[in-house]
Amino acid sequence: VRRIGVFTSGGDAPGMNAAIRSVVRTALHMGIECIGIRRGYHGLINGDFVPLTFESVSGLSRKGGTMLYSARSEDFKSQLGRERAVATCKLLGLDALVGIGGDGTFRGLLTLAQQGLSVIGIPGTIDNDIACSTYTIGYDTACNTALESIDKLRDTMQSHERCSVVEVMGRHAGHVALNVGVACGATAVLVPEQKVDYENDLMEPIRRSRLAGRTHFMIIVAEGVEGGAYEVAKQINEATSLDTRVTILGHVQRGGAPTVRDRIAATYMGYEAVRLLAEGKTCRVVAMDGESYVDYDIEEALKMHKGLDQQTYTVMRALTGVQ
Ligand code: F6P
């Protein structure tokens with residue numbers, strides 16, 4: 001392997017920059033050149049690239065966002081788009097590609113692998129919803145960002161004796177909601193993996209908490225829950241007449257300087273990706289299994305399934321008093 005391309009694709013996540021830096025520095029250390037492809041698959045199709053040097057990735061580990069920009073490409077879904085992407089790789093003399101992103105990014109890498117390119121995927125998404133990996137780059141920072149906002153919200157909810165309904169990101173998964181819910185000591189946590197029983201999962205914990213003397217309440221709702229935070233707030237209002245406020249944390253959860261955990265995970269994963277390529281491996285996803293770094297065949301990785309962390313779910317139910 002003499003020259004590799006690196007790109008970020010899909011929703012950005014804090015730590016993606018640290019992963020780019022790690023790929024570049026590891027590659028240079030192994031005598032491999034590195035080219036940055038900008039705007040994900042869109043850039044691959046249009047030949048939008050930037051040479052990356054030791055110096056150009058300096059100071060990147062502490063920066064949020066992605067210096068290579070990110071996009072979700074519709075064009076790559078067509079045969080013509082994919083042919084143009086392969087042509088760009090040939091034109092740039094790329095022996096291999098490292099793609100940082102989620103499942104959509106990995107599906108794209110798989111189609112390129114099927115056309116003869118060497119590819120490695122790195123899981124980067126705040127949702128932590130990549131089945132093959134217990135951890136994805138950006139998750140810890142996003143949870144900390146959400147937690148900081150929720151702690152602030154709690155102050156004002158307490159003063160006004162209100163009920164706060166906070167919607168956190170996660171697409172179809174409830175990892176962020178569950179983790180943040182446990183960390184902030186929520187009254188109730190609603191996730192899309194479990195059909196919501198309003199009476200049991202929401203009204204009962206609120207009533208119990210009220211009976212115990214509490215006058216403000218914190219409800220964490222994953223964005224994937226049917227109806228979202230507004231529907232949940234409406235149900236609470238109707239059942240309890242509490243003064244309720246909705247806060248949708250939104251994209252603020254995707255920004256900010258990455259935490260130690262994200263910088264370390266991103267840096268190790270970047271290193272692993274280049275190491276695998278240097279050893280002649282292809283079509284692999286770098287992943288975490290607990291605290292260990294492992295790798296899987298992309299096709300197999302895409303077939304895996306990941307549920308909520310059962311231990312955290314059990315603890316959440318115990319602490320919110322849900323039966
Ligand atoms: O996958 C990351 C994520 O932030 C999800 O949590 C969310 O559903 C989605 O991306 C939002 O996408 P966009 O940035 O395109 O609005």
Side-chain angles (χ1 to χ4, degrees), residues 7-19 38-43 64-77 99-109 121-150 165-181 183 189-193 220-232 246-259 261-262 265-266 269 285 287-288 301-302 304-309:
F7 66 94
T8 48
S9 166
D12 65 348
M16 279 185 163
N17 273 327
R38 297 196 292 195
R39 302 177 177 86
Y41 287 103
H42 194 70
T66 160
M67 58 95 71
L68 291 176
Y69 305 95
S70 195
R72 304 186 204 272
S73 171
E74 279 305 310
D75 294 346
F76 189 74
K77 290 181 184 155
I100 307 163
D103 278 350
T105 308
F106 301 158
R107 274 191 289 276
L109 287 176
I122 294 179
T125 162
I126 65 157
D127 302 335
N128 200 22
D129 63 347
I130 309 244
C132 71
S133 190
T134 41
Y135 191 76
T136 63
I137 298 168
Y139 176 60
D140 187 57
T141 309
C143 287
N144 277 291
T145 302
L147 189 65
E148 202 184 315
S149 303
I150 291 164
V165 180
V166 180
E167 185 177 296
V168 298
M169 274 189 169
R171 200 181 289 275
H172 307 299
H175 305 287
V176 176
L178 182 58
N179 206 33
V180 165
V189 181
L190 305 182
V191 290
E193 286 83 352
I220 307 297
V221 182
E223 66 172 331
V225 166
E226 216 182 310
Y230 283 102
E231 178 57 27
V232 172
V246 171
T247 304
I248 313 249
L249 292 182
H251 287 82
V252 71
Q253 295 162 99
R254 290 237 300 259
T259 57
R261 176 147 203 213
D262 278 324
M269 285 181 181
V285 185
M288 283 189 80
L302 285 169
M304 292 182 186
H305 173 76
K306 178 186 196 174
L308 286 176
D309 180 68

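First listed ligand is number 1; within each ligand, the first listed atom is number 1.
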Are D12 and Y69 close enough, and set up right, to give a side chain to side chain contact (heavy atoms under 4.5 Å, CB included), and what steps lead you there? CA-CA 8 Å; D12 65 348; Y69 305 95; over 6 Å; no
So, D129 and Y139: side-chain donor and acceptor under 3.5 Å apart, yes or no? no
If you take all heavy atoms of A71 and R39, which pair is closest and at what distance? CB-O, 3.7 Å
Which residues pass the side-chain hydrogen bond (donor to acceptor under 3.5 Å, both in side chains) test with E74, sequence neighbours left out? K77
State, without any angle test, whether N144 and T259 hold a side-chain donor-acceptor pair at a distance under 3.5 Å. no
Run through ligand 1 for me and note each protein residue having a heavy atom under 4.0 Å from it, chain first, then residue number. R72, T125, D127, M169, G170, R171, E223, H251, R254
Would you find a donor on one side and an acceptor on the other, under 3.5 Å apart, between the side chain of N128 and the backbone of T136? yes
